[in-house]
J.: 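First, the structure itself, so that you have it in front of you.
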Number of protein chains: 2
Amino acid sequence: MKSHGYAAHDAKSALVPFSFDRRDPGPNDVVIEIAYCGICHSDIHQARNEWKNSLYPMVPGHEIVGKVSKVGTSVKKFKEGDLAGVGVMVDSCRVCANCVAGDECYCEKGMVGTYNGKDYEGNLTFGGYSNNIVVDERYVLSVSPKLNLAAVAPLLCAGITTYSPLRHWKVGKDSKVGIIGLGGLGHMGLKFAHSFGAHVVQFTTSESKIEDAKKLGAHEVVVTKNPDEVAKHVNSFDFILDCVSAPHDVNQYLNLLRLNGTMCMVGLPEDPVSIAAFSTIVNRRSFSGSMVGGIPETQEMLDYCAEHNIVSDIELTSVQKMNEAYERVLKSDVKYRFVIDMASLAQ
Amino acid sequence: MKSHGYAAHDAKSALVPFSFDRRDPGPNDVVIEIAYCGICHSDIHQARNEWKNSLYPMVPGHEIVGKVSKVGTSVKKFKEGDLAGVGVMVDSCRVCANCVAGDECYCEKGMVGTYNGKDYEGNLTFGGYSNNIVVDERYVLSVSPKLNLAAVAPLLCAGITTYSPLRHWKVGKDSKVGIIGLGGLGHMGLKFAHSFGAHVVQFTTSESKIEDAKKLGAHEVVVTKNPDEVAKHVNSFDFILDCVSAPHDVNQYLNLLRLNGTMCMVGLPEDPVSIAAFSTIVNRRSFSGSMVGGIPETQEMLDYCAEHNIVSDIELTSVQKMNEAYERVLKSDVKYRFVIDMASLAQ
């Protein structure tokens, strides 16, 4: 099947138009005409080989929404014309304990990434900066027509990445929750934690974000360059979601956790974090990490968003402006996620 | 009340005989004639001011067992002649949520340490390297006469420090558990994990410890200088208890945890540990810490030990040989805990 999109060909060059083949849809496959694709910071890391594992040519994009244009003969969940989404994975082993439990993102064999991966036959996978995609229905999500489709796209990565740990650590109306960083991930964590009924404290380095954080649902905002403001919250949080990739001192936040509290990292700092023994031993605290979520939980999240009218705050862009958007992401100059309008591919 | 024992007077000198006063027992107090006191590595850290918080003169010792010689008029749990123990704390605020829940070691006001602390009136506390101690019965543990009393002493710190996290993280017969380090803490962790029915893997840097680890209950022993041996266990552990204070790479062990696995540190490395983002994000792993346990759990542990015939492996020493014992602890030249016979004070 013929496809076209935008690809990186090496770590240094801008993304350029690219034509390629996808597999012809098999009996279990769904073909999606892509309407929108979010720009995740990890797209930039991988396009530029910053994680040292890049495979070229690379068509990035794993926050994909669009309309089903064709289904295989055995497909049950989808029919032509349905709205559908694809996140960070397009396959997994399906038989390990984690896959069977619906935690496919933790597949013991390793999930097949939507892009910059290889499928189990060894073929490169190509992501959502393109006009269409072919995916086994097991890894395709149903999207409600109730929501603004473009603003749904980031839910497939930024949304589930924050929803999953908040659910796993049982954040609810009795929880005091901290969100570190107000960007693509952080603003979704803030919306979800607020929606789950928690008392939410937004941590930010920037006074300019106070108003926005409150509008998005923060009950309190702490500007972290003021140590006195931070210290007021010592030993008080049940859960803190760390959405920051830039280097930062995690001990400052660990010390804010109460007995049995957890701080969970979903950003991906390049350098290891440094943890003092007493930061965890006092109050039996945990420092944890989490990545996206399994397919059942991703569907649960999308359904929850449709029911509670939650989407990402986005700025729509075009493939022609994509490289410029990358530069603005690196400067955190977006509220809060760029989404590419794939109609621009035809221009 | 007159007391005498051994004290450090500064960070550099050996411990020497020392006479001092303890408070006269009040209505809720228990007086214990100390029979044995364990030597915990933290005694050495504190005697030598390695944690930069030492108060002199210091009578160390928080693994205390002996016989009740007097009880206050309101004491209900103890009578003269009973065996009793005291661990790392002799008081706490008693009214914070953690104290009320029986987690006194996590007291929000800060527990009162058995030594190198100050009570709430501001008086220095003196520990178990002495002939007697006066403690409110709320912080005194009952000790069964079934067990070897000298070998019970280390249960008050090394025992509860390993028992508590194994219980908190629900280690049982379906668990695969790793114990890092075979010393005072590690050998107790190994005994408890085995007793709880887990499949236990002992990690050690030293081939010379393989036989001992197996005798103590390890189903497998991994010599960590052989990376291939370690790699065989990737993604397989439910829980790993890290009993090592010396610098070591925790990522090597985090990578052995399966989905939702926890590695808990109970040693106290002086330098911060360094954790790579992917070590926790893969498999949603947690790096945690834990300190001793509350009074109810410490009593539960002592009762469990009496029922299952669990004590520490000890080498008995005397106050006269204490400074030599300190040097041997620093060389890990003890199987696995020194206990001071306090009868030697009279010699």
Side-chain angles (χ1 to χ4, degrees), chain A residues 51 53 96-99 101 103-111 161 164-165 168-169 234-236 242 244-245 247 249-251 254 257-294, chain B residues 51 53 96-99 101 103-111 161 164-165 168-169 234-236 242 244-245 247 249-251 254 257-294:
Chain A
W51 292 343
N53 67 349
C96 75
N98 297 346
C99 281
D103 289 315
E104 298 92 346
C105 55
Y106 300 111
C107 171
E108 293 175 14
K109 192 174 169 184
M111 66 180 186
T161 295
S164 181
H168 181 75
W169 277 281
V234 71
N235 297 339
S236 70
D242 184 353
V244 172
S245 300
D249 176 16
V250 299
N251 297 283
L254 282 167
L257 293 171
R258 62 189 299 161
L259 182 61
N260 301 326
T262 294
M263 171 168 170
C264 178
M265 183 171 62
V266 291
L268 277 175
E270 278 181 54
D271 295 325
V273 299
S274 182
I275 297 181
F278 281 101
S279 297
T280 59
I281 283 172
V282 172
N283 275 349
R284 193 163 51 201
R285 298 166 178 135
S286 292
F287 178 80
S288 307
S290 179
M291 60 158 72
V292 295
Chain B
W51 292 342
N53 66 349
C96 74
N98 296 346
C99 281
D103 288 315
E104 299 91 344
C105 56
Y106 300 110
C107 171
E108 292 174 14
K109 191 173 168 184
M111 65 180 187
T161 295
S164 181
H168 181 75
W169 277 281
V234 70
N235 296 339
S236 70
D242 184 352
V244 171
S245 300
D249 175 17
V250 299
N251 298 283
L254 282 167
L257 293 171
R258 62 189 300 162
L259 182 60
N260 300 328
T262 294
M263 172 168 170
C264 177
M265 184 170 63
V266 290
L268 276 175
E270 279 180 52
D271 295 325
V273 300
S274 182
I275 297 181
F278 281 101
S279 297
T280 59
I281 283 172
V282 171
N283 276 347
R284 193 164 48 199
R285 297 165 177 138
S286 292
F287 178 79
S288 307
S290 178
M291 59 157 72
V292 295

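Keep in mind that the numbers below use all heavy atoms, side chains included, and drop hydrogens, waters and symmetry copies. Naming: A, B, ... by sequence-line order, numbering from 1 per chain.
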J.: Can you tell which of A:Val250, A:Asp271, A:Leu268 has the highest number of heavy-atom pairs within less than 4.5 Å of chain B?
T.: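 Ranked by heavy-atom pairs under 4.5 Å with chain B, first place is A:Leu268.
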
J.: Please give me the minimum heavy-atom distance between A:Gly294 and A:Cys105, naming the atom from each residue.
T.: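 In this case the closest contact between A:Gly294 and A:Cys105 is N-SG, 3.8 Å.
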
J.: Is the shortest side-chain heavy-atom distance between B:Phe287 and B:Ser279 below 4.5 Å?
T.: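 Not touching, per the 4.5 Å side-chain cut-off.
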
J.: Under 4.5 Å, counting heavy-atom pairs only, tell me which of A:Val266, A:Asn98, A:Ile275 racks up the most with chain B.
T.: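 Looking at each of A:Val266, A:Asn98, A:Ile275 in turn, A:Ile275 comes out on top.
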
J.: Can you sort out the partners of B:Asn235 under side chain to side chain contact (heavy atoms under 4.5 Å, CB included), two or more places apart, ordered by chain and number?
T.: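 Result, side chain to side chain contact (heavy atoms under 4.5 Å, CB included) vs B:Asn235: B:Asn283, B:Arg285.
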
J.: Please rank A:Ser290, A:Ala276, A:Pro165, A:Ala277 by heavy-atom pairs under 4.5 Å with chain B and give me the top one.
T.: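 Winner by heavy-atom pair count: A:Ser290.
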
J.: Looking at B:Met291, B:His168, B:Glu108, which makes the most heavy-atom pairs under 4.5 Å with chain A?
T.: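 Looking at each of B:Met291, B:His168, B:Glu108 in turn, B:His168 comes out on top.
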
J.: Do you know the tightest heavy-atom contact between A:Met111 and A:Cys107?
T.: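 Between these two residues, the closest heavy atoms are N-CB, 3.9 Å.
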
J.: So which of A:Leu254, A:Leu259, A:Val282 has the largest heavy-atom pair count under 4.5 angstrom toward chain B?
T.: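 It is A:Leu259.
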
J.: Please classify the contact of B:Asn251 with chain A as side chain, backbone, both or neither, using a heavy-atom distance under 4.5 Å.
T.: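 For B:Asn251, neither part sits under 4.5 Å from chain A.
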
J.: Is A:Asp103 close to chain B through its backbone or its side chain, or both, or neither, when contacts mean heavy atoms under 4.5 Å?
T.: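 Just its side chain gets close to chain B.
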
J.: Nearest heavy-atom pair of B:Cys264 and B:Gly289: which atoms, and what distance?
T.: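 Minimum heavy-atom contact is SG-C, 3.8 Å.
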
J.: Provide the closest heavy-atom pair for B:Tyr106 versus A:Ile281 in the form atom of the first, atom of the second, distance.
T.: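 Minimum heavy-atom contact is CE2-O, 3.6 Å.
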
